[in-house]
Colleague: 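Dropping the structure in here first, questions after.
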Number of protein chains: 2
Amino acid sequence: MSDTQEHREEPDLPYDVFAKACPSRCTLENVTGRWGALTLGALHEGSLRFNELRRRVDGVSEKMLSQTLHALERDGLVHREAQPTNPPRVDYELTPVGREVAARLLELIHCVEGRMDDVLAARTAYDAHRA
Amino acid sequence: MSDTQEHREEPDLPYDVFAKACPSRCTLENVTGRWGALTLGALHEGSLRFNELRRRVDGVSEKMLSQTLHALERDGLVHREAQPTNPPRVDYELTPVGREVAARLLELIHCVEGRMDDVLAARTAYDAHRA
DNA sequence: CTGTATCCTTCTTGATACTG
DNA sequence: CAGTATCAAGAAGGATACAG
C-alpha cells in the first residue's frame with residue numbers, strides 16, 4: 001500500500017519501459033527495431049563480418065546495418081573487432097549482455113515463427129469479416 | 001548436405017524472419033514495434049479498456065494506439081470485446097497465442113530493464129571514447 | 001467513452017556515389 | 001572489404017477536430 005502503481009510484479013526495479021522518459025524504452029527500441037532484432041538474432045549464432053551480416057539480414061542496406069551496429073555497440077550489446085589488415089576485416093560479436101538479450105529475442109522470434117499458421121488464419125478471417 | 005543454409009538449428013520451419021519476403025517478419029514488426037511491444041506487455045497483466053491502455057502506455061496517441069490494436073487484432077494476438085452500452089465500453093485482452101507471444105516479450109523487456117545499468121555504463125564509455 | 005478523419009511535420013529509409 | 005556522405009521519397013507520428 002506504499003505504491004500507487006499496482007501494475008508491476010517487481011515495482012522496485014529502477015527502470016520501466018512503460019514510462020515515456022525511461023532510457024530503457026530507447027534501448028528496447030534499439031533491440032526490437034526492424035534491423036536491431038534481426039542483427040542480434042544473426043549474431044547469436046556466432047561472430048560475423050559486415051558483409052556476412054548484410055547477406056544474412058536479408059534486405060538491410062549498408063547504411064541501416066552500419067547505423068544499427070553503431071547503436072548496438074554503443075549500448076554494449078555488440079563488440080566490434082577490427083583487424084588492421086588489407087583488405088580490412090571486421091568481426092562483430094555479441095557481448096555477454098548482448099547474448100542474454102539475444103537469447104530472449106530468439107525465443108520470441110521462434111515463438112512468432114512457430115505460430116504463423118494461426119496468425120495467417122486470423123488475418124484471413126479478419127479481412128474476410130470486413131469484405 | 002541437402003540445404004545450402006546452415007544457419008538455423010531448425011531448418012525445417014516454414015517461416016524465417018531473416019528472409020525479406022516472409023510474412024513472419026511483418027508480424028514480428030507488429031509485435032516488436034514501438035507501440036506493439038508496450039501494448040502487448042500492458043495487456044499481459046489483464047484486459048484493459050482503450051483509455052486505460054492509453055494511460056498505461058505512456059506517450060501513445062489515440063491514433064497510434066488505435067492503429068496498433070487493429071494490427072494486433074488482425075494478427076489474432078488481441079481480442080476486442082465491445083459492449084453495446086452507453087457510454088460505450090470496450091475491453092481488449094490477449095488471445096491464447098497473444099499470451100504466448102507477450103510472455104516472451106515480457107521476458108525480453110525485463111531482461112533489458114535488468115541490464116540497463118550495464119547499458120548506460122557502456123554508452124558513457126562509448127561516448128567518452130569519441131570526445 | 002471510443003474511436004475516425006484530416007492535415008502537417010518529422011523521422012526513417014533506400015539509392016547512389018565515393019573513401020580508405 | 002568496410003564503411004561514410006548526401007539527397008529525395010515515403011512512412012510514421014502528433015495535433016486537432018469531429019462522430020456515434
Side-chain angles (χ1 to χ4, degrees), chain A residues 17-18 20-21 25-39 42-43 46-75 78-93 126 129-130, chain B residues 17-21 25-39 42-43 47-75 78-93 126 129-130:
Chain A
V17 289
F18 289 100
K20 183 163 53 173
R25 185 183 284 194
C26 172
T27 295
L28 184 69
E29 279 165 23
N30 289 339
V31 168
T32 61
R34 170 140 46 150
W35 304 121
L38 297 176
T39 301
L43 288 176
S47 92
L48 290 171
R49 302 173 62 175
F50 188 83
N51 279 325
E52 288 174 335
L53 264 172
R54 229 188 131 206
R55 282 186 292 272
R56 180 83 177 104
V57 181
D58 190 19
V60 71
S61 66
E62 289 186 351
K63 178 186 169 185
M64 291 316 297
L65 180 56
S66 175
Q67 206 170 105
T68 300
L69 285 168
H70 280 310
L72 295 176
E73 187 190 359
R74 187 168 104 99
D75 281 357
V78 164
H79 174 70
R80 182 177 182 277
E81 184 89 24
Q83 289 165 40
T85 60
N86 189 306
R89 178 191 176 100
V90 180
D91 289 274
Y92 291 93
E93 61 182 349
Y126 182 95
H129 186 66
R130 302 242 148 173
Chain B
V17 289
F18 289 99
K20 182 163 56 174
R25 184 183 285 194
C26 173
T27 295
L28 184 70
E29 279 166 24
N30 288 338
V31 168
T32 61
R34 170 138 47 151
W35 304 120
L38 297 176
T39 301
L43 288 175
S47 92
L48 290 170
R49 301 173 63 175
F50 188 83
N51 278 329
E52 289 175 334
L53 264 172
R54 241 198 116 195
R55 283 186 291 273
R56 181 82 177 105
V57 181
D58 189 20
V60 71
S61 65
E62 288 186 353
K63 178 186 169 185
M64 291 316 298
L65 181 57
S66 175
Q67 205 170 103
T68 300
L69 284 169
H70 280 309
L72 295 176
E73 187 190 359
R74 186 167 106 99
D75 281 356
V78 164
H79 174 69
R80 181 177 183 277
E81 185 90 24
Q83 287 165 41
T85 59
N86 189 307
R89 178 190 175 100
V90 180
D91 288 274
Y92 291 93
E93 62 182 349
Y126 183 94
H129 186 67
R130 302 243 149 173

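Just so we're on the same page: letters track the sequence lines, and every chain starts at 1. Only a predicted model underlies this, so the values are computations on that prediction, with no experimental measurement involved.
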Colleague: For A/Arg49 and D/dA2, is the shortest distance between a side-chain N/O and OP1 or OP2 below 4.0 Å?
Modeller: yes
Colleague: Rounded to the nearest 0.5 Å, what separation is found between the CG atom of B/Leu69 and the CH2 atom of B/Trp35?
Modeller: 12.5 Å
Colleague: Is B/Tyr92 near enough to C/dG3 that one of its side-chain N or O atoms lies under 4.0 angstrom from OP1 or OP2?
Modeller: yes
Colleague: Would you check if the side chain of A/Asp58 reaches a backbone N or O of B/Lys20 as a donor-acceptor pair within less than 3.5 Å?
Modeller: yes
Colleague: Measure CD/B/Glu73 against P/C/dT2 and give the value in whole Å, please.
Modeller: 15 Å
Colleague: Nearest 0.5 angstrom please: B/Leu43 CG to B/Leu72 CG, how far?
Modeller: 8.5 Å
Colleague: Return the minimal non-hydrogen interatomic distance between A/Ala42 and A/Leu48, and the atom names on each side.
Modeller: O-CD1, 3.9 Å
Colleague: Just by protein heavy atoms under 4.0 Å, how would nucleotides 9-20 of chain D read 5' to 3' in B, S and -?
Modeller: ----BBB-B--B
Colleague: Report all side-chain donor-acceptor pairs from residues 59-68 of chain A shorter than 3.5 Å, counting only partners two or more places apart or in another chain.
Modeller:
from, atom 1, to, atom 2, distance (Å)
A/Ser61, OG, A/Met64, N, 3.2
A/Thr68, OG1, A/Met64, O, 2.7

Colleague: At their closest point, which heavy atom of B/Arg25 faces which heavy atom of B/Val17, and how far apart are they?
Modeller: NE-O, 2.9 Å
Colleague: Rounded to the nearest angstrom, tell me the gap between atom CG in A/Leu65 and atom P in D/dA5.
Modeller: 16 Å
Colleague: Can you tell me if A/Ser66 touches the phosphate of D/dT4, counting only side-chain N or O atoms and a distance under 4.0 Å to OP1 or OP2?
Modeller: yes
Colleague: Please classify the nucleic acid contact of B/Arg54 as base, sugar-phosphate, or nothing, using heavy-atom distances under 4.0 Å.
Modeller: nothing
Colleague: For A/His70 and D/dT4, is the shortest distance between a side-chain N/O and OP1 or OP2 below 4.0 Å?
Modeller: yes
Colleague: I need the CG-C1' distance between A/Leu69 and D/dG3, as an integer number of Å.
Modeller: 11 Å
Colleague: Tell me the interatomic distance from A/Asn86, atom CG, to D/dG3, atom C1', rounded to whole angstroms.
Modeller: 14 Å
